[in-house]
There are 2 protein chains.
Amino acid sequence: MSSELPIKKRISESTIHRLSMYFRTLSLLQKEGYETVSSKELARREKLTPAQVRKDLSFFGSFGTRGLGYDVVELKGKIGEILGINKQWKVAVVGIGNIGSALVSYKEFTRQGFHIVKLFDNDQRKIGSNHKGIIVSDINNLEKEIAEDGIEMVIITVPATVAQYMVDDVVRAGVKAILNFAPINLKVPQDVYLRNENMSMELEYLSFAIMNNHTPKNKR
Amino acid sequence: MSSELPIKKRISESTIHRLSMYFRTLSLLQKEGYETVSSKELARREKLTPAQVRKDLSFFGSFGTRGLGYDVVELKGKIGEILGINKQWKVAVVGIGNIGSALVSYKEFTRQGFHIVKLFDNDQRKIGSNHKGIIVSDINNLEKEIAEDGIEMVIITVPATVAQYMVDDVVRAGVKAILNFAPINLKVPQDVYLRNENMSMELEYLSFAIMNNHTPKNKR
DNA sequence: GAATGTGAAGGTTTTCACAGCA
DNA sequence: TGCTGTGAAAACCTTCACATTC
């Protein structure tokens with residue numbers, strides 16, 4: 001199950017995030033018909049330095065050719081392998097409100113290998129309804145259905161007040177990766193990966209930046 | 001217009017993001033009835049170190065009382081002032097698709113002072129329709145209506161293929177802060193703040209973490 | 001000649017540890 | 001005594017600069 005790539009050092013979160021960006025840009029370069037790309041060009045598109053790009057990649061191996069650059073398709077494949085998105089992930093969404101149902105149609109997920117195959121809610125009026133071909137299941141069947149379908153990741157989009165209960169259920173069902181949209185700090189066991197998506201945060205950063213003329217602009 | 005707080009050093013993005021987290025947790029502490037909070041307790045809730053909390057705050061002033069901690073309401077007010085979210089921001093959403101319309105009902109924005117007061121789309125079938133009491137305007141009236149209503153921030157939720165055109169319009173209308181949900185690297189002038197919200201990124205991090213048993217878990 | 005890969009340098013962020021104050 | 005505020009140390013991340021390879 002673990003990657004065959006030579007991961008020597010502890011990799012920083014920023015490096016992983018940049019790999020995500022490279023992956024997306026490489027897809028675009030591929031569509032644009034480029035066969036190779038230099039660290040310089042990749043850096044220009046991401047507003048980074050070429051050294052940063054090369055260093056990020058160097059943690060995982062030597063993927064380029066001196067004098068030439070990187071083969072676009074090959075590098076995309078390697079980064080996909082590193083990120084684990086060459087495989088298809090099965091994802092469930094818990095909480096079919098405004099955001100939850102928007103995510104069901106979010107094409108970027110599918111494009112990156114994340115397939116939403118199951119929806120859960122606790123609202124009787126929503127259970128049984130159809131969203132993009134998926135029937136909303138009762139949250140009470142979560143443990144059973146997650147096991148049956150081999151769900152590996154769960155996205156939580158329930159209100160903050162009930163998010164911890166839902167996460168507890170999800171953890172009990174054996175899921176090890178959770179993306180939380182509820183504005184609350186959730187508790188999960190040590191061996192479960194939890195990430196929070198906080199959409200206000202970026203607006204708050206913009207607010208701060210305007211009020212204080214904050215420099216590093218246009219980053220992230 | 002600029003803050004009266006003594007900002008001495010250049011503040012890191014991470015510090016700003018943590019301030020957002022403190023703000024939200026302080027709101028919760030207030031609701032829970034706490035009058036004071038120590039850096040230790042705040043750190044525990046955010047999974048940070050107490051020193052980190054104190055250092056973050058120290059960039060902006062001395063808000064605590066030695067031996068006691070921080071007054072919850074007072075600190076919340078100070079952080080709100082630093083972030084510029086004690087004021088109410090007028091926000092427009094451009095692109096009323098799945099995500100765009102979900103954001104219109106996203107209560108967390110309102111709670112943090114961001115008020116979506118205007119919606120734009122280029123689709124004739126959507127123009128004139130009502131979303132939570134807001135009538136969708138024609139994108140062609142963007143410049144005029146943004147000026148009229150004093151819109152200060154714009155959220156872009158159009159497809160990647162047209163995002164750059166929309167942003168160009170928004171920039172021309174004089175908006176200095178843009179939050180982009182389209183999966184593409186947009187160009188804006190130096191004096192415009194642009195942030196990208198990339199929801200796949202966090203799933204990609206989870207994917208990487210699972211595949212590689214990545215440590216720092218439960219962060220962010 | 002052109003561009004990678006990488007130690008070493010430089011810069012930034014976090015943590016430590018303790019003086020200082022309620 | 002308890003907890004803040006902060007220089008100094010440690011850890012971490014980015015950039016430099018150049019040997020290396022195509």
Side-chain angles (χ1 to χ4, degrees), chain A residues 5-19 21-22 26 29 34-72 74-75 78-79 82 205 214-216 219-220, chain B residues 5-22 26 29 34-72 74-75 78-79 82 205 214-216 218-220:
Chain A
L5 290 156
I7 301 179
K8 299 143 193 166
K9 288 193 38 156
R10 193 112 132 302
I11 307 301
S12 80
E13 266 184 49
S14 323
T15 292
I16 306 305
H17 277 152
R18 284 190 299 267
L19 289 182
M21 306 194 323
Y22 303 153
L26 286 164
L29 286 163
Y34 289 88
E35 299 209 338
T36 60
V37 65
S38 63
S39 59
K40 192 177 162 193
E41 171 61 11
L42 216 36
R44 191 188 61 75
R45 297 199 178 216
E46 310 293 1
K47 299 203 186 88
L48 301 169
T49 64
Q52 179 76 82
V53 173
R54 296 201 300 277
K55 184 62 101 183
D56 283 337
L57 298 174
S58 78
F59 294 129
F60 302 96
S62 302
F63 307 131
T65 309
R66 285 158 203 246
L68 233 171
Y70 303 89
D71 181 283
V72 170
E74 187 193 316
L75 184 58
K78 292 288 186 188
I79 293 178
I82 293 162
Y205 176 82
H214 195 234
T215 39
K219 286 276 287 302
R220 207 191 163 214
Chain B
L5 290 155
I7 300 180
K8 300 143 192 164
K9 287 194 39 156
R10 195 112 131 300
I11 307 301
S12 80
E13 266 183 50
S14 323
T15 292
I16 306 306
H17 276 151
R18 284 191 298 267
L19 290 182
S20 291
M21 306 193 322
Y22 304 153
L26 286 163
L29 285 164
Y34 289 88
E35 299 208 339
T36 60
V37 65
S38 64
S39 59
K40 193 178 163 192
E41 171 62 10
L42 216 37
R44 191 189 60 76
R45 298 200 176 215
E46 309 294 0
K47 299 203 185 86
L48 300 168
T49 64
Q52 179 77 83
V53 173
R54 296 200 300 275
K55 185 62 98 181
D56 284 338
L57 298 175
S58 78
F59 294 130
F60 302 96
S62 303
F63 308 130
T65 310
R66 287 159 202 243
L68 232 173
Y70 303 90
D71 180 283
V72 170
E74 186 192 317
L75 185 58
K78 291 288 186 186
I79 293 179
I82 294 162
Y205 177 82
H214 194 235
T215 39
N218 305 349
K219 287 275 289 304
R220 205 191 164 210

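We name chains A, B, ... by the order of the sequence lines, and we start the count at 1 in each one. These values consider heavy atoms only, across backbone and side chains, with no hydrogens, waters or symmetry-generated copies.
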- Item | Interatomic distance, B/Ser62 atom OG to B/Arg54 atom CZ [nearest 0.5 angstrom] | 12.0 Å
- Task: May I have the distance from B/Gln52 (atom CD) to D/dC12 (atom P), rounded to whole angstrom?
- Result: 13 Å
- A/Phe59 CZ to D/dT15 C1': how many Å, rounded? 12 Å
- Item | Heavy-atom protein contacts under 4.0 Å, nucleotides 17-22 of chain C, coded B base, S sugar-phosphate only, - none | B-BBBS
- With under 30° as parallel and over 60° as perpendicular, where do the rings of A/His17 and B/Tyr205 fit, or are they tilted in between? tilted
- Message: Just to be sure I understand the rule, does A/Thr15 reach a base, reach only the sugar-phosphate, or reach nothing, if contact means heavy atoms closer than 4.0 Å?
- Response: nothing
- Note on the structure: All heavy atoms of A/Val72 vs all of A/Leu26, minimum pair found to be CG1-O, 3.5 Å
- Could you grab the distance from atom CD1 of A/Ile16 to atom CZ of A/Phe59, nearest 0.5 Å is fine? 9.5 Å
- Query: Can a side chain N or O of A/Thr49 be found less than 4.0 Å away from OP1 or OP2 on D/dT15?
  - Reply: yes
- Item | Straight-line distance of A/Ser39 OG to A/Leu48 CG, nearest 0.5 Å | 11.0 Å
- Message: Tell me the interatomic distance from A/Glu41, atom CD, to C/dA3, atom P, rounded to whole angstroms.
- Response: 11 Å
- Salt-bridge test for A/Glu74 and A/Lys78: reply yes if a basic N is under 4.0 Å from a carboxylate O, no otherwise. no
- Answer yes or no: is there a side-chain heavy-atom contact under 4.5 Å between B/Leu57 and B/Leu19? yes
- Within this structure, what is the CG-to-P distance between B/Leu42 and D/dG2, rounded to whole angstrom? 20 Å
- Return no unless some side-chain N or O of A/Ser39 is found under 4.0 Å from OP1 or OP2 of C/dT4. yes
- Message: Over all strands shown, is B/Lys55 touching base, sugar-phosphate only, or nothing at heavy-atom distances under 4.0 angstrom?
- Response: base
- Atom CG of A/Asp71 and atom C1' of C/dT4: how far apart are they, to the nearest Å? 15 Å
- Message: I need the NZ-C1' distance between A/Lys40 and D/dT15, as an integer number of Å.
- Response: 16 Å
- Message: Heavy atoms from C-beta onward define the side chain here; which of C/dT15, D/dG5, C/dG5 lies closest to that of B/Tyr70?
- Response: D/dG5
- Note on the structure: Separation of D/dT14 atom P from A/Glu46 atom CD, nearest Å, is 14 Å
- Short side-chain N/O contact to D/dT14 OP1/OP2 from A/Arg18, under 4.0 Å: yes
- Query: Rounded to whole angstrom units, what separation is found between the NE2 atom of A/His17 and the C1' atom of D/dC13?
  - Reply: 16 Å
